Amino acid sequence: MISKESLIRLQQDLPPNVKLVAVSKFKPIEDILQAYNLGVKDFAENRPQELSQKMGVLPDDIRWHFVGHLQTNKIKFIIERVNLIHSVDSLKLLREIDKEAFKKGVVVNILLQVYISSEVTKQGLSQIELNEIAEQNELFKNINICGVMGMASFTDDVEIIKEEFSNLRRVFDNLKLIYFSNNDQFCELSMGMSSDYKIAIQQGSTIVRIGSMIFGDR
Ligand SMILES: *Cc1c(COP(=O)(O)O)cnc(C)c1O
């Protein structure tokens with residue numbers, strides 16, 4: 001069972017320029033269909049096999065997102081139908097996605113996951129790695145780099161969260177200015193989850209990834 005009221009309120013509250021991605025990881029098909037029937041068309045998963053299974057049985061017009069850590073040997077499970085991989089966290093992974101996409105004859109949309117939190121457990125690229133990737137962008141013929149994604153620290157301290165999202169915004173703006181100024185596809189700033197999406201929107205988010213607020217606790 002999803003929380004219908006929260007979902008409807010969320011849909012009404014989001015500014016028109018901010019896209020909602022419903023994070024349905026660990027949740028059953030029926031729950032996803034409930035959200036789908038209330039107008040949600042974008043869903044995200046964080047495990048390749050689970051995404052692949054759900055893609056196989058759910059409506060064709062769903063846009064699927066991947067938000068988890070992706071091992072290179074699992075790329076093939078998702079690459080043909082995924083709309084956006086939010087969580088590219090290494091040059092090696094980027095190269096492998098490009099290779100696999102070439103084999104399958106597809107072009108894959110991705111975001112670069114940036115390390116913004118002070119928590120060592122969180123994944124993400126450093127500024128040096130981001131520059132290294134951005135400089136080589138032209139080499140990846142089967143990849144569209146569409147922007148960046150980041151996760152703030154798990155804390156109640158609004159100031160810390162604000163600071164981290166504002167840093168991510170700055171990283172996005174700098175990459176845009178230096179490497180992607182002629183590239184209209186580089187336009188997405190994926191930041192904000194159930195607990196911090198309002199702060200993220202204030203800091204310029206274009207995509208919020210909401211799980212528990214819609215689907216309940218996992
Ligand atoms: C699980 C997850 C979310 C959703 O988190 P909630 O707190 O349930 O809204 C968003 N982004 C990523 C990367 C996730 O893994």
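On a predicted model such as this, the values are computed, not experimentally measured, just so you know. Both counts, for ligands and for their atoms, begin at 1 and track the order of listing.
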Undergrad: Is the NZ or CZ atom of K41 both under 6.0 Å from the centre of the six-membered ring of Y36 and within 45° of that ring's axis?
TA: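 Judged by the rule (NZ or CZ under 6.0 Å from the ring centre, within 45° of its axis), K41 counts as positioned above Y36.
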Undergrad: Tell me, please, which residues at least two apart from F186 pass ring-ring contact (aromatic ring centres under 6.0 Å, His included).
TA: F172, F180
Undergrad: Looking at every heavy atom in both A152 and D196, which two are closest together, and how far apart are they?
TA: CB-OD2, 4.0 Å
Undergrad: Taking E45 as the fixed residue, which of R81, K27, K54 is the one that meets the salt bridge (Lys or Arg N to Asp or Glu O under 4.0 Å) rule?
TA: K54
Undergrad: For atom 12 (C) of ligand 1, find the nearest protein heavy atom and state the residue, atom name and distance (0.1 Å precision).
TA: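 Nearest neighbour among protein heavy atoms for atom 12 (C) of ligand 1, to 0.1 Å: R209 NE, 3.8 Å.
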Undergrad: Considering heavy atoms of the protein only, find what lies nearest to atom 14 (C) of ligand 1 and give residue, atom and distance to 0.1 Å.
TA: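 It is K25 NZ, 3.0 Å.
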Undergrad: Side chains of residues 104-111: which donor-acceptor pairs under 3.5 Å do they make with residues two or more places apart or in other chains?
TA:
{"from": "N109", "atom 1": "OD1", "to": "N144", "atom 2": "ND2", "distance (Å)": "3.1"}
{"from": "N109", "atom 1": "ND2", "to": "N83", "atom 2": "O", "distance (Å)": "3.1"}

Undergrad: Quick check: does G211 get an N/O under 3.5 Å from an N/O on ligand 1?
TA: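 Checking ligand 1 against G211, an N or O pair does fall under 3.5 Å apart.
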Undergrad: Using the side-chain contact (heavy atoms from CB on, under 4.5 Å) definition, which of the options L10, L7, V23 pairs with I210?
TA: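 The side-chain contact (heavy atoms from CB on, under 4.5 Å) with I210 is passed solely by L10 among L10, L7, V23.
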Undergrad: Heavy-atom contact under 4.0 Å between M213 and ligand 1?
TA: no
Undergrad: Return the closest protein heavy atom for atom 5 (O) of ligand 1 as residue, atom name and distance.
TA: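 Among all protein heavy atoms, the one nearest atom 5 (O) of ligand 1 is M193 CE, 3.5 Å.
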Undergrad: Within the structure, is a non-hydrogen atom of H86 found at a distance of less than 4.0 Å from ligand 1?
TA: no
Undergrad: Regarding D13 and R9, does a basic nitrogen lie under 4.0 Å from an acidic carboxylate oxygen?
TA: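 Salt bridge between D13 and R9, a charged N being under 4.0 Å from a carboxylate O: no.
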Undergrad: Geometry only, no angles: is N46 polar-contacting ligand 1 at N/O separations under 3.5 Å?
TA: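 N/O-N/O distance below 3.5 Å does not exist for this pair.
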Undergrad: Which protein heavy atom lies closest to atom 9 (O) of ligand 1, and at what distance to 0.1 Å?
TA: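 Of every protein heavy atom, S194 OG, 2.5 Å lies nearest to atom 9 (O) of ligand 1.
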Undergrad: At a 4.0 Å threshold, what atoms of ligand 1 neighbour a non-hydrogen atom of M151?
TA: 13 (C)
Undergrad: Which of these, R209, K176, K19, sits in a salt bridge (Lys or Arg N to Asp or Glu O under 4.0 Å) with E188?
TA: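 So, applying the salt bridge (Lys or Arg N to Asp or Glu O under 4.0 Å) to E188 and each of R209, K176, K19, only K19 qualifies.
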Undergrad: What atoms of ligand 1 come within less than 4.0 Å of a heavy atom belonging to I210?
TA: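 Counting from 1, the qualifying ligand atoms are 9 (O).
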Undergrad: Students should be able to answer this: which protein heavy-atom is nearest to atom 13 (C) of ligand 1, and at what distance?
TA: V67 O, 3.5 Å
